[in-house]
There are 2 protein chains.
Amino acid sequence: MRLLVLQYLMEQNRALSLNELEVLFENADKSTIFRTLKTFQENYLVHRINDGSGAIKYALCDDDCICSLEDNHIHFLCTKCEKTYCLKDTPIATPNLPNGFRANFANYLIEGICSTCT
Amino acid sequence: MRLLVLQYLMEQNRALSLNELEVLFENADKSTIFRTLKTFQENYLVHRINDGSGAIKYALCDDDCICSLEDNHIHFLCTKCEKTYCLKDTPIATPNLPNGFRANFANYLIEGICSTCT
DNA sequence: TAAGGAGTGCAATGCCATTGCAAAGTTTAG
DNA sequence: CTAAACTTTGCAATGGCATTGCACTCCTTA
């Protein structure tokens with residue numbers, strides 16, 4: 001199962017929800033896939049993205065992703081097809097924070113219409 | 001109820017969850033507060049913030065907030081006290097998107113430790 | 001070949017958002 | 001003043017998604 005999920009994630013360039021994977025691997029149970037993704041997270045293979053769609057999305061980490069501020073790319077949620085893209089070529093600078101605020105993690109999410117849904 | 005909630009929101013400079021308001025106004029029902037906030041949203045008084053904490057947060061809109069890209073300030077979630085701040089003095093530019101991608105809404109969330117929890 | 005560990009499925013739980021329905025309160029027209 | 005119409009509220013139920021306990025199966029290894 002882990003191999004199948006990992007392979008599928010590698011073939012995609014976007015973030016997938018647990019439910020999408022459930023539908024895809026219909027012979028496997030929800031909880032199996034959940035635990036698969038959990039294992040991946042614990043081993044820094046995937047990171048979670050909360051795109052506000054109600055379902056958490058999972059995407060493969062980059063080689064240099066440490067799942068923190070360093071992994072500072074934008075996620076784009078298409079409100080039409082509900083797909084979430086990792087816009088790794090569109091970096092965004094970490095802004096200066098007010099006094100006393102310390103950042104550990106950042107998540108820049110943009111909602112709109114993706115190129116295939118236009 | 002609407003007046004009470006609105007007044008309380010105006011006194012805060014941060015985003016509150018439904019649950020926080022429930023606890024605060026314990027004589028009012030969950031659903032009443034929920035519908036109050038829903039009404040506020042429909043009339044562009046508050047906007048919703050998904051800070052990944054599991055609970056949606058609600059914050060008063062600025063006068064010029066049209067609850068879209070224009071309302072492009074950063075939200076800061078303190079992972080210690082779980083409070084969400086609107087960093088209106090820390091604007092962030094909307095980046096250029098790849099070809100064919102059109103943005104309607106943006107949400108920049110930073111997690112870390114706030115100034116009072118440091 | 002038996003024992004231990006890993007992976008899986010099922011069912012249950014929990015949390016939060018949301019809604020149907022009826023009761024209570026408020027406004028308005030006569 | 002009063003009844004009808006509308007609004008607001010509370011309670012209980014529903015639904016979606018994440019998560020977990022438990023038992024069963026499968027695989028590895030001594």
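Hydrogens, waters and symmetry mates play no part in the numbers below; they use all other heavy atoms, side chains included. Just so it is clear: chains get the letters A, B, ... in the order the sequence lines come, proteins before strands, and each one is counted from 1.
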*What string of B, S and - do you get for nucleotides 8-23 of chain C 5' to 3' if you count protein non-hydrogen atoms under 4.0 Å?*
BBB-----SSBBBB--
Would you kindly give the [atom1]-to-[atom2] distance between [X] and [N], to the nearest whole Å?
X: A/Asp51; N: D/dA18; atom1: CG; atom2: P; value: 11 Å
X: A/Asn50; N: D/dC17; atom1: CG; atom2: P; value: 13 Å
X: B/Leu3; N: C/dT26; atom1: CG; atom2: C1'; value: 15 Å
X: A/Leu6; N: C/dG7; atom1: CG; atom2: P; value: 14 Å
X: B/Leu21; N: D/dT9; atom1: CG; atom2: P; value: 14 Å

*Name all pairs fulfilling the salt bridge (Lys or Arg N to Asp or Glu O under 4.0 Å) condition that reach into residues 23-42 of chain A, sequence neighbours left out, sorted by first residue then second.*
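Residue pairs with at least one partner in residues 23-42 of chain A: A/Glu22-A/Lys30.
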*With sequence neighbours excluded, give me every salt bridge (Lys or Arg N to Asp or Glu O under 4.0 Å) pair touching residues 46-57 of chain B.*
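Qualifying pairs, neighbours excluded: B/Asp51-B/Lys57.
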*Closest contact, heavy atoms only, A/Thr84 versus A/Leu77*: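 Minimum heavy-atom separation between A/Thr84 and A/Leu77: OG1-CD1, 3.6 Å.
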*Report the residues that fulfil salt bridge (Lys or Arg N to Asp or Glu O under 4.0 Å) with B/Lys80, sequence neighbours left out, ordered by chain and then residue number.*
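Applying salt bridge (Lys or Arg N to Asp or Glu O under 4.0 Å) to B/Lys80 gives none.
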*What residues form a side chain to side chain contact (heavy atoms under 4.5 Å, CB included) with A/Gln12, not counting sequence neighbours?*
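Partners of A/Gln12 under the side chain to side chain contact (heavy atoms under 4.5 Å, CB included) test: A/Tyr8, A/Arg14, A/Leu16.
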*Could you tell me which residues satisfy side chain to side chain contact (heavy atoms under 4.5 Å, CB included) with A/Ser115, sequence neighbours excluded, listed by chain and number?*
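For A/Ser115 the side chain to side chain contact (heavy atoms under 4.5 Å, CB included) partners, ignoring immediate neighbours, are B/Phe101.
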